[in-house]
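Note sheet for the following structure.
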Amino acid sequence: MKILKTKEAMRAWSFAQKAAGKSIGFVPTMGALHEGHASLMRASVAGNDVSVLSIFVNPTQFAPHEDYGQYPRTWDTDLAMAEEIGIDAIYAPEAGSIYPEGYATYVNVEGLSVGLCSGTRPHFFRGVATVVTKLFNAVLPDRAYFGQKDAQQCAIITRMAQDLDSGVEVVEMPIVREADGLAMSSRNRYLSDADRAQALCLSQSLAAAQAALDAGERDAEVVKALVRDGMAAVEIDYVELVDAATMAPLDTIDRRILLAVAAQVGPARLIDNLKFVPSEITQGASAPAEAEACC
Ligand code: PAF
């Protein structure tokens, strides 16, 4: 497994792969890898000739008061997991090479970046879209893999990849959960045992909403109220029910929807979601089970 620390070395490696006719799969991460990342890496390895994992804690997606400094850095275990899964190259640039002195260019995806996570993290998607553009330019992937847990991020990156003619196919992979339902996240390691027990209310509330949707509930306010009630013990950031394609809030569930939640649980800000398609418009199918091209 190659470790590439500069964009020049990364691009040279990728050009050599392309010259040899190989397709490149790419999994962008900030490290602190868990089974969710492992599922993305496995999909990349299965679907491409070679696969690249990036590990870069991106400063521009953190506000000054957020956890950039404390974000877990677990280099040795990350490398061991990537190697075992069959990743061919790790791209791990220094922050100074991604954002050198005088850096002034940012990518902003309009529309989709409004609402949900941008309410309390207005800086976030500009930072994500900018760094993913720069990572794509260095790695030159054919396909890039993202998790549905970050559903708004996934929609934004899909839009951006299309709008900027990147030629990258963005693949959204299902949320990976702990045995008790908690969505996997690098930030779960911030949780004490008591926080961890409280955090379960996110996935449990979404499961209750799923049951209501399956039973035919189509009023968005009723579904959101059910979720809010289930999350009463934690500090809710948002409970939103939106059009899964546009991220616009909905009153009636009459299309493919995203039901998304965010909450502060102890020191960790956690997010989770579900997607649902009313059976009326799909003649029976309720949700995509496998990986899909985003949106
Ligand atoms: O989802 C993440 O880990 C990050 O937002 C990403 C896409 C690697 C950009 O820094």
Side-chain angles (χ1 to χ4, degrees), residues 4 7 10 25-41 43-44 51-63 66-75 77-78 81-82 87 89-95 97-99 103 106-109 112-113 116-118 120-139 141 143-161 164 166 168-176 183-190 260 262 268-273 291 294-295:
L4 304 161
K7 49 185 173 280
M10 183 69 248
F26 178 38
V27 181
T29 79
M30 299 204 298
L33 303 181
H34 50 68
E35 267 307 305
H37 297 113
S39 75
L40 307 182
M41 289 190 273
S44 179
S51 288
V52 178
L53 172 84
S54 67
I55 299 179
F56 178 65
V57 185
N58 173 36
T60 62
Q61 66 190 75
F62 292 82
E66 291 182 341
D67 57 343
Y68 175 70
Q70 295 77 51
Y71 198 84
R73 275 116 171 134
T74 56
W75 178 253
T77 50
D78 290 354
M81 182 188 277
I87 292 292
I90 305 271
Y91 178 40
E94 298 291 336
S97 83
I98 296 288
Y99 302 110
Y103 188 86
Y106 292 89
V107 178
N108 189 40
V109 179
L112 292 170
S113 300
L116 301 175
C117 283
S118 65
T120 48
R121 306 191 76 197
H123 54 283
F124 179 67
F125 290 117
R126 183 179 93 138
V128 168
T130 300
V131 79
V132 172
T133 300
K134 290 170 72 68
L135 294 170
F136 281 2
N137 286 344
V139 176
R143 275 170 220 94
Y145 297 81
F146 296 86
Q148 186 199 310
K149 185 168 75 66
D150 299 291
Q152 189 178 17
Q153 167 174 284
C154 204
I156 286 168
I157 291 168
T158 303
R159 181 82 259 160
M160 181 195 83
L164 297 184
S166 71
V168 180
E169 180 190 344
V170 176
V171 182
E172 179 175 314
M173 296 291 295
I175 298 174
V176 178
M184 291 207 182
S185 164
S186 301
R187 290 188 170 96
N188 287 352
R189 62 189 83 200
Y190 297 159
R269 181 179 179 280
L270 303 180
I271 58 175
D272 200 349
N273 68 71
C294 269
C295 309

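All ligand and atom numbering here is 1-based and tracks the order in the structure.
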**Report entry** Sub-4.5 Å side-chain heavy-atom contact between F124 and S118
**Finding:** no
Check ligand 1 for N or O atoms under 3.5 Å from a protein N or O and list each pair with its distance.
unit_1: ligand 1; atom_1: 1 (O); unit_2: Q153; atom_2: NE2; d: 2.9
unit_1: ligand 1; atom_1: 5 (O); unit_2: Q61; atom_2: NE2; d: 3.0
unit_1: ligand 1; atom_1: 5 (O); unit_2: Q153; atom_2: OE1; d: 2.8
unit_1: ligand 1; atom_1: 10 (O); unit_2: Q61; atom_2: OE1; d: 2.6

Query raised in the report: Got a salt bridge between R269 and E66, using NZ or NE/NH1/NH2 to carboxylate O under 4.0 Å?
Result: no
Query - Smallest separation among heavy atoms of L116 and A260, with atom names - result: CD2-CB, 4.3 Å
**Report entry** N58 and Q61 side chains, donor-acceptor separation under 3.5 Å
**Finding:** yes
Query raised in the report: Any donor-acceptor pair under 3.5 Å linking the side chain of N108 with the backbone of R126?
Result: no
Query raised in the report: On the ring face of Y68, is R73 found with NZ or CZ under 6.0 Å from the centre and within 45° of the axis?
Result: yes
